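Report on one structure; see the data block that follows.
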Amino acid sequence: MDLDPVLLARIQFAFTVSFHIIFPSFTIGLAAFIATLLVRWQMTGRDHLYRLARFWTKIFAVSFAMGVVSGIVLSYQFGTNWSKFSDVTGNVIGPLIGYEVLTAFFLEATFLGVMLFGWDKVPAKLHVTAAILVAVGTSLSAFWILSANSWMHTPTGHGIKDGIAYPVDWLKIIFNPSFPYRFAHMFTAAYLTTSVVIAAVGARYLLANTFHEEAKTMMRMGLGMIALLAPLQLVIGDMHGLNTAKYQPAKVAAMEAHWDGAKPADLVLFAIPNEIEERNDYEVAIPNLASFIITHDTQGLFPGLKDFAPQDRPPVKPVFYAFRAMVGIGMALIAIGLVGVFLWFTGRLFQARWFLKPLSYTWPLGFIAILAGWWVTETGRQPWLVTGLLRTVDAISPVSAGAVLTSLILFVLVYSSVFSMGIYYINRLIEKGPLGAATDIDAGLPSRPLSAATKATHDAIEIKR
């Protein structure tokens with residue numbers, strides 16, 4: 001059997017980037033959550049906020065480390081598997097990635113040590129400032145990475161000479177047409193993902209009848225953010241979809257499994273897209289609703305898959321199904337947020353076990369939605385690596401299929417081991433809980449002293465140990 005090096009290289013990059021993206025998407029929101037806890041602790045002096053911040057900082061450290069390790073190989077793949085992509089776009093993509101390192105990663109690296117190890121070694125205000133700057137750094141990192149990725153979808157601000165892209169207007173490159181929508185969509189998704197994890201852990205503690213004060217704070221903050229951001233994400237997603245329909249109509253056609261652009265589009269709830277016969281099998285759809293969503297007119301028309309040559313269409317099935325997974329999880333999160341806030345304001349949230357038990361298992365939802373959305377975005381761009389500029393098949397390095405397959409197998413084995421150990425350790429930290437994290441004080445108490453009652457609790461736990 002002949003192996004296709006292009007397909008294997010795509011699978012390899014998809015695997016590594018999918019593995020990598022779950023960690024930055026979590027740490028972006030978690031850094032902001034920790035900074036918020038520390039600011040609240042400084043303002044109120046409430047000890048449980050300190051304990052929560054210290055507890056989640058340990059989880060942040062593990063996630064950040066796995067994100068850095070898993071992201072290193074991505075840069076190397078540009079040279080090993082996609083050297084022609086680097087040749088054609090390096091003058092644009094290279095500086096954008098460089099800006100991410102200079103403005104974001106250096107900022108994070110500078111203050112991350114203070115955030116992780118400065119609990120009882122630096123003044124409290126400096127420690128809080130470090131946490132805020134780490135949160136700013138994670139956001140800046142997302143800004144530059146998403147700018148580079150968005151340019152690949154909607155390239156502007158460049159010129160072409162001898163088949164090579166050169167920057168002409170950096171503002172147009174950075175703020176390309178899809179960037180504002182993609183950044184807002186991904187940034188909101190990151191905060192939602194973190195909020196779901198925090199609420200799920202809070203529910204887990206309430207069900208176990210432990211860490212009550214910390215659990216209630218996590219539930220309030222997590223569910224409050226879900227109730228706010230999940231509906232907002234629906235609006236942002238709609239705006240992003242309209243932008244995609246303008247600049248990447250083939251992707252939208254695949255998302256909707258819409259074949260005939262001469263007819264109003266139905267909203268397909270379920271189907272098995274048949275790319276050979278150019279139709280949907282076993283379709284369940286709402287008439288004209290997709291046209292209303294995309295054009296705001298039930299009789300509106302937008303291009304269907306038949307309007308594009310077969311070689312210019314993205315793979316329909318993965319885009320179609322991943323889009324529905326993302327939207328389905330989004331609707332579930334809206335329901336969770338609304339029900340949670342209703343129970344909160346009626347005073348039944350912390351006793352409603354029928355709600356807490358399923359909530360405690362929802363922690364993967366945000367990660368699944370992010371992966372599904374990423375697959376829609378990247379697979380829906382095919383057959384282009386840079387839309388209208390460079391096809392994927394033309395960007396591959398002169399590398400053998402066997403070499404790519406060997407490295408892919410090694411990546412799967414190594415990444416699976418790293419992921420398993422990381423999840424195991426994070427789960428151990430969660431089992432230990434916030435109070436345990438607060439007792440790990442080797443060189444004294446934090447710069448802002450804890451209350452006498454909390455210190456006595458810490459001492460009692462240390463004696464038992």
Side-chain angles (χ1 to χ4, degrees), residues 22 25-40 43-44 46 48-49 52-53 56 59 135 138-139 142 181 183-207 211-241 293 324-373 430 434:
I22 62 177
S25 62
F26 181 47
T27 54
I28 288 170
L30 191 56
F33 177 65
I34 293 168
T36 302
L37 287 171
L38 287 173
V39 169
R40 290 183 61 194
M43 294 175 63
T44 66
R46 299 172 67 184
H48 78 285
L49 298 173
L52 272 178
W56 283 106
I59 296 176
T138 59
S139 301
Y181 305 96
F183 178 73
H185 195 52
M186 185 63 194
F187 203 70
T188 305
Y191 274 70
L192 261 175
T193 297
T194 304
S195 300
V196 174
V197 173
I198 290 166
V201 173
R204 175 176 171 176
Y205 288 152
L206 287 175
L207 289 168
F211 309 121
H212 296 93
E213 193 171 16
E214 291 83 355
K216 290 178 180 179
T217 295
M218 284 189 280
M219 288 286 288
R220 293 189 190 101
M221 295 181 70
L223 286 173
M225 288 295 287
I226 294 171
L228 175 67
L229 294 180
L232 177 63
Q233 183 72 314
L234 183 65
V235 176
I236 295 173
D238 177 66
M239 297 170 63
H240 187 16
I293 293 173
R324 272 140 192 81
M326 178 186 67
V327 173
I329 291 174
M331 300 306 292
L333 293 181
I334 291 175
I336 289 170
L338 293 177
V339 173
V341 169
F342 174 77
L343 292 173
W344 178 8
F345 281 99
T346 56
R348 294 177 287 167
L349 175 60
F350 307 127
Q351 295 79 35
R353 296 183 68 86
W354 62 268
F355 178 72
L356 295 176
K357 191 167 185 178
L359 180 63
S360 67
Y361 293 103
T362 60
W363 66 268
L365 290 182
F367 299 110
I368 297 172
I370 283 178
L371 287 175
I430 292 174

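Computed from a prediction, not measured in an experiment: that's the story for all the values here.
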Side chains of M219 and L356 in contact at under 4.5 Å (non-hydrogen atoms)
yes
Measuring from atom CD of E213 to atom CE of M218, what distance do you get when rounded to the nearest 0.5 angstrom?
11.0 Å
Check whether any side-chain heavy atom of L223 lies under 4.5 Å from a side-chain heavy atom of L349, and answer yes or no.
yes
Name all residues meeting the ring-ring contact (aromatic ring centres under 6.0 Å, His included) criterion together with Y191; count only those two or more places apart in sequence or in a different chain, and write none if there are none.
F187
Exercise: identify the closest heavy-atom pair between G202 and A215
O-CB, 3.5 Å
Does the pair I430 and I59 meet the rule for a side-chain contact (heavy atoms from CB on, under 4.5 Å), with working shown?
CA-CA 8 Å; I430 292 174; I59 296 176; 3.9 Å; yes
N/O donor-acceptor pair under 3.5 Å between T362 side chain and P358 backbone
no
For the residue pair F183 and H240, establish whether any side-chain heavy-atom pair is separated by less than 4.5 Å.
no
Nearest 0.5 angstrom please: L49 CG to E214 CD, how far?
9.0 Å
Inter-residue atom distance L30.CG - S25.OG, 0.5 Å rounding
11.0 Å
Please check this pair: side chain of T188 against backbone of H185, looking for a donor-acceptor N/O pair closer than 3.5 Å.
no
What's the shortest heavy-atom distance between L38 and A53, and which atoms?
CD2-CB, 3.6 Å
d(L37 CG, R46 CZ) to nearest 0.5 Å is 11.0 Å
Given V341 and F345, is the side-chain contact (heavy atoms from CB on, under 4.5 Å) satisfied, shown in steps?
CA-CA 6 Å; V341 169; F345 281 99; 3.4 Å; yes
List for me each residue that meets ring-ring contact (aromatic ring centres under 6.0 Å, His included) alongside Y205, sequence neighbours excluded, and say none if there are none.
F211
Within-4.5 Å side-chain heavy-atom neighbours: T36 and M221:
yes
Using every non-hydrogen atom in the two residues, find where T194 and G29 come nearest and quote the distance to one decimal.
OG1-CA, 3.3 Å
Quick one: pull up CG in L229 and CD1 in I334 and give me the separation to the nearest 0.5 Å.
11.0 Å
Which residues pass the ring-ring contact (aromatic ring centres under 6.0 Å, His included) test with F367, sequence neighbours left out?
F26
Between V197 and W363, what is the shortest heavy-atom contact and its length?
CG2-O, 3.8 Å
Would you say I198 and V201 make side-chain contact, with heavy atoms under 4.5 Å?
no
Search all heavy atoms of A200 against all heavy atoms of L359 and return the closest pair with its distance.
CB-O, 3.4 Å
d(F350 CZ, L206 CG) to nearest 0.5 Å is 7.0 Å
Less than 4.5 Å apart, any side-chain heavy atom of L365 and any of L333?
yes
What pairs with R324 under salt bridge (charged side-chain N to carboxylate O under 4.0 Å, His left out), at least two apart in sequence or on another chain?
E256
Mind jotting down which residue pairs meet the side chain to side chain donor-acceptor pair (under 3.5 Å) criterion with at least one end in residues 327-350? Sequence neighbours excluded, please.
T346-R348
Quick one, M186 and I370 - any side-chain contact, counting heavy atoms below 4.5 Å?
yes
By side-chain hydrogen bond (donor to acceptor under 3.5 Å, both in side chains), which residues pair with T217, not counting sequence neighbours?
H48
Taking all non-hydrogen atoms of both residues, which atom of P434 and which atom of L52 are closest, and how far apart?
CG-CD2, 4.1 Å
Check against side-chain contact (heavy atoms from CB on, under 4.5 Å), I368 and I329
CA-CA 8 Å; I368 297 172; I329 291 174; 3.5 Å; yes
Side-chain heavy-atom pair Y181, I236 within 4.5 angstrom cut-off:
no
